Structures are given as C-alpha cells and as structure tokens.
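Bear in mind the structure is a predicted one, so any value in this text is a computation, not a measurement. Residues: numbered from 1 along the sequence shown.
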Amino acid sequence: MATIGIFDSGSGGLSVYRELVKLLPRERYIYYSDNAHCPYGEKTALYIQRRARFITEFLLDKGADIIVVACNTATAAAIATLRAEYPDVPFVGMEPAVKPAALGTRTGVIGVLATAGTLKGSKYLKTRGLYADDVRVVEHVGQGFVELVENGILDGPEAESTVRASLQPLLDQGADIIVLGCTHYPFLRPVIERIAGPGVQVIDPAPAVARQTLRLLQQHGVPVGTGTFSVQLHTSGDPLALERIFAICSNG
C-alpha cells in the first residue's frame, strides 16, 4: 500500500485527490491544505518555497512515499527546489495542459485560465513554447475563482458573474478549448461549461497527474492496490473550508 501525500494552497488540490482515488482506490492519503496562506497566486516564489518545504517535511513525517504538489502555482515556484533538496522523494507536479489543447483546437485559439503565479512561471512558459507554435494562446487570471471555491460558492449568481468576467475575454478571442491552470478551477467547471457553451471543450489536467503518480510509484517499487483506503485531512487554517469541498468530492 502506498502513502500518497498531497498539498495545495487550499482545497483546490482535492480535484486532484478525487482523480487519484479513482485510479488508486486502496491507498493511504494525507492531504494538506495551506489555507492560512491561501491564495498563492500573488505570493513570491521564495515565500511559496518556504511553505512547500515546511509541508513536505510534514508529509514525510506522516510517512508519505510520494508527494503530489496539487497546485499549479506551487509547482511553478517550488517543485524544482523540492526535487533538488529531497532527491530521494518522488514529486508529481501540475503540468499545464497546453499540449492536448493545441492538438485539439479547431479555431487555432486556446484559452488558459490560471493564477498570475502560474502564468509567469517558467514551467508554464516552457510548455507553451514547446507546444503552442502553431496556435494562439490567450490567457486570463481567474480573478476571484480561488476565493469562491474556498468559500464553497460553486454555483449561483456570484459564481457566474465572477467566472464570466475572466472567461468571456477568452471566448471573445475565439478560444474553443479552455485549459484549467489551477486545481481550484475544476470545482467551478459546471459554471465554466455553462457560460462557454457546448462548442467549447474544458480540459482538467488532474487525470493525467493521477496517471503520472501511478507510474512513479511503480518506478520506485512502491506496492499499490494492496491495502485499505484511508484519508487524513490537515490544514494550516480553517478546517471548515477543507471539509466542505472534501464532502463534495466524497459525494461526487
């Protein structure tokens, strides 16, 4: 049985957790929500690295065999540092899904919704440079999206107006595929899809992250599928925000 550590700036990484559980339903999970320091999007790289180091130590002390950095901003700011400082620990980060979007677009325009930290991070910029030569990439910060999810506002007039303000500029420029570049955003996917309409595809990278986690566990010889599912939830802040989104994951 594997012990899988997962962390995010808040509850958004639970969108990755639910995909992991679908693929690996008999493992032990430890989830850390750093919601006392959320959102990460406007924090400095050094600040995020300090938090990521602290959380990594916490998860390792709890017995994690692998750590999933279920946060695009933390991946951009800290995963290279974590891999250098903990060379024996397998880390899985968030990969911006620009490649499948570039391959799938019909209009030649793909939209990326992400935090400011992700959009200026070297990982995203490198991925965009590799796969988006033949398409136009339009980007927008999902302003207020993280706060909506942390407050459990996943639908209704406030969610719709907030999502529309950041999504509409991408649609107006002809984007027919929207890449979700923050793990909080999939919890707003029904609203995003409703506003975007049936002709627009929305891509969540979480299933690919789950598959990569399985591959790394196998590469490191960690047995999987041999235990009984369990999950621990930890937070640096208000546990209610985490428990609210966890209940949605558990019931969905």
Close side-chain approach of P186 to R18, heavy-atom, < 4.5 Å
yes
Answer yes or no: is there a donor N or O on one side and an acceptor on the other, between the side chain of R244 and the main chain of E150, under 3.5 Å?
yes
Give the cluster check for V16 versus V89: same hydrophobic cluster or not, with ILVMFWY residues linked at side-chain heavy-atom distances below 4.5 Å.
no
Taking T118 for the side chain and T73 for the main chain, is one N or O donor matched with an acceptor at less than 3.5 Å?
yes
Do you know the tightest heavy-atom contact between T115 and C182?
CG2-SG, 4.1 Å
Rounded to the nearest 0.5 Å, how far does CD1 of I4 lie from CD1 of I67?
11.5 Å
Starting from L60, can I reach Y32 by hopping between I/L/V/M/F/W/Y residues whose side chains sit under 4.5 Å apart?
yes
Would you please test I153 and T162 for side-chain contact (heavy atoms from CB on, under 4.5 Å) and show each step?
CA-CA 11 Å; I153 304 169; T162 300; over 6 Å; no
Kindly give the heavy-atom pair with the smallest separation between S11 and S33, and that separation in Å.
N-OG, 4.0 Å
With heavy-atom distances below 4.5 Å as the criterion, would you say the side chains of L154 and V191 are in contact?
no
What pair of heavy atoms forms the shortest contact from H184 to V146, and how long is it?
NE2-CG1, 3.7 Å
Here the gap from T213 atom OG1 to D65 atom CG, rounded to the nearest 0.5 Å, amounts to 12.0 Å
Under the ring-ring contact (aromatic ring centres under 6.0 Å, His included) test, which residues partner H234, sequence neighbours left out?
F58
Are L148 and F187 connected in a single hydrophobic cluster, I mean Ile/Leu/Val/Met/Phe/Trp/Tyr linked by side-chain heavy atoms less than 4.5 Å apart?
yes
If we only count heavy atoms from C-beta on, is the L216 to V92 side-chain gap below 4.5 Å?
yes
For atom CG of D134, decide whether the heavy atoms of other residues, nucleotides or ligands shown that lie under 6.0 angstrom number more than 12.
no
Is F229 reachable from I6 through a run of hydrophobic residues whose side-chain heavy atoms are each under 4.5 Å from the next?
yes
Set out, in order, the CA-CA distance, both residues' side-chain angles and the distance that settles side-chain contact (heavy atoms from CB on, under 4.5 Å) for K62 and T3, then state yes or no.
CA-CA 9 Å; K62 293 288 184 181; T3 298; over 6 Å; no
Nearest heavy-atom approach of D176 to R106 is OD2-N, 2.7 Å
Under the 3.5 angstrom rule, does the side chain of S166 hit a backbone N or O of V163 as a donor-acceptor pair?
no
Indicate yes or no for a side-chain donor-acceptor contact from T107 to the backbone of G174 under 3.5 Å, with no hydrogens or angles considered.
yes
Got a donor-acceptor contact below 3.5 angstrom from the T105 side chain to the I110 backbone?
no
Could you tell me whether the side chains of R215 and Q212 share a donor-acceptor contact shorter than 3.5 Å?
yes
Side chain proximity check, N151 to E158, heavy atoms < 4.5 angstrom
no
Under a 4.5 Å side-chain heavy-atom rule over Ile, Leu, Val, Met, Phe, Trp and Tyr, are V21 and L242 clustered together?
yes
How long is the gap from CG on L167 to CG on D172, to the nearest 0.5 Å?
9.0 Å
To the nearest 0.5 Å, atom CD1 of I192 lies from atom CZ of R164 at 12.0 Å
Answer yes or no: is there an ion pair linking K43 with D34, defined by an N-O contact shorter than 4.0 Å?
no
Take atom CD of Q143 as the centre, draw a 6.0 Å sphere, and report whether it contains more than 12 heavy atoms from other residues, nucleotides or ligands.
no
Whether E27 side chain and G225 backbone form a donor-acceptor pair below 3.5 Å
yes
As a quick check of understanding, evaluate side-chain contact (heavy atoms from CB on, under 4.5 Å) for S15 and R189, giving each step before the final call.
CA-CA 11 Å; S15 67; R189 185 170 184 163; over 6 Å; no
State whether a side-chain donor-acceptor pair under 3.5 Å links E42 with Y47.
no
Side chains of Q218 and L214: does their closest heavy-atom pair fall under 4.5 Å?
yes
Between F246, Y17, F7, which is the residue that forms a ring-ring contact (aromatic ring centres under 6.0 Å, His included) with Y29?
Y17
Take H37 and I55 through the test side-chain contact (heavy atoms from CB on, under 4.5 Å) and record every step on the way to the result.
CA-CA 12 Å; H37 302 266; I55 297 165; over 6 Å; no
What is the minimum heavy-atom distance between S9 and C38, and which atoms define it?
O-CB, 3.1 Å
N35 side-chain N/O to D238 backbone N/O, donor-acceptor pair under 3.5 Å
yes
Non-hydrogen side-chain atoms of M94 and P205 separated by less than 4.5 Å
yes
So, taking the atom named CD1 in I195 and the one named CG in L170, what distance separates them when rounded to the nearest 0.5 Å?
11.5 Å
Report the distance from atom CD of E85 to atom CD of Q49, rounding to the nearest 0.5 Å.
8.0 Å
Looking only at side chains, do N72 and Y124 share a donor and an acceptor under 3.5 Å apart?
no
Tell me, do Q232 and R28 make a side-chain contact under 4.5 Å, heavy atoms counted?
yes
Quick check on K123: does its NZ atom have over 12 non-hydrogen neighbours (other residues, nucleotides or ligands) under 6.0 Å away?
yes
Locate the shortest heavy-atom distance separating G227 from R26; write the atom from each residue and the value.
O-NE, 3.0 Å
Taking the side chain as every heavy atom from C-beta outward, state whether D8 and Y31 have any atom pair closer than 4.5 Å.
yes
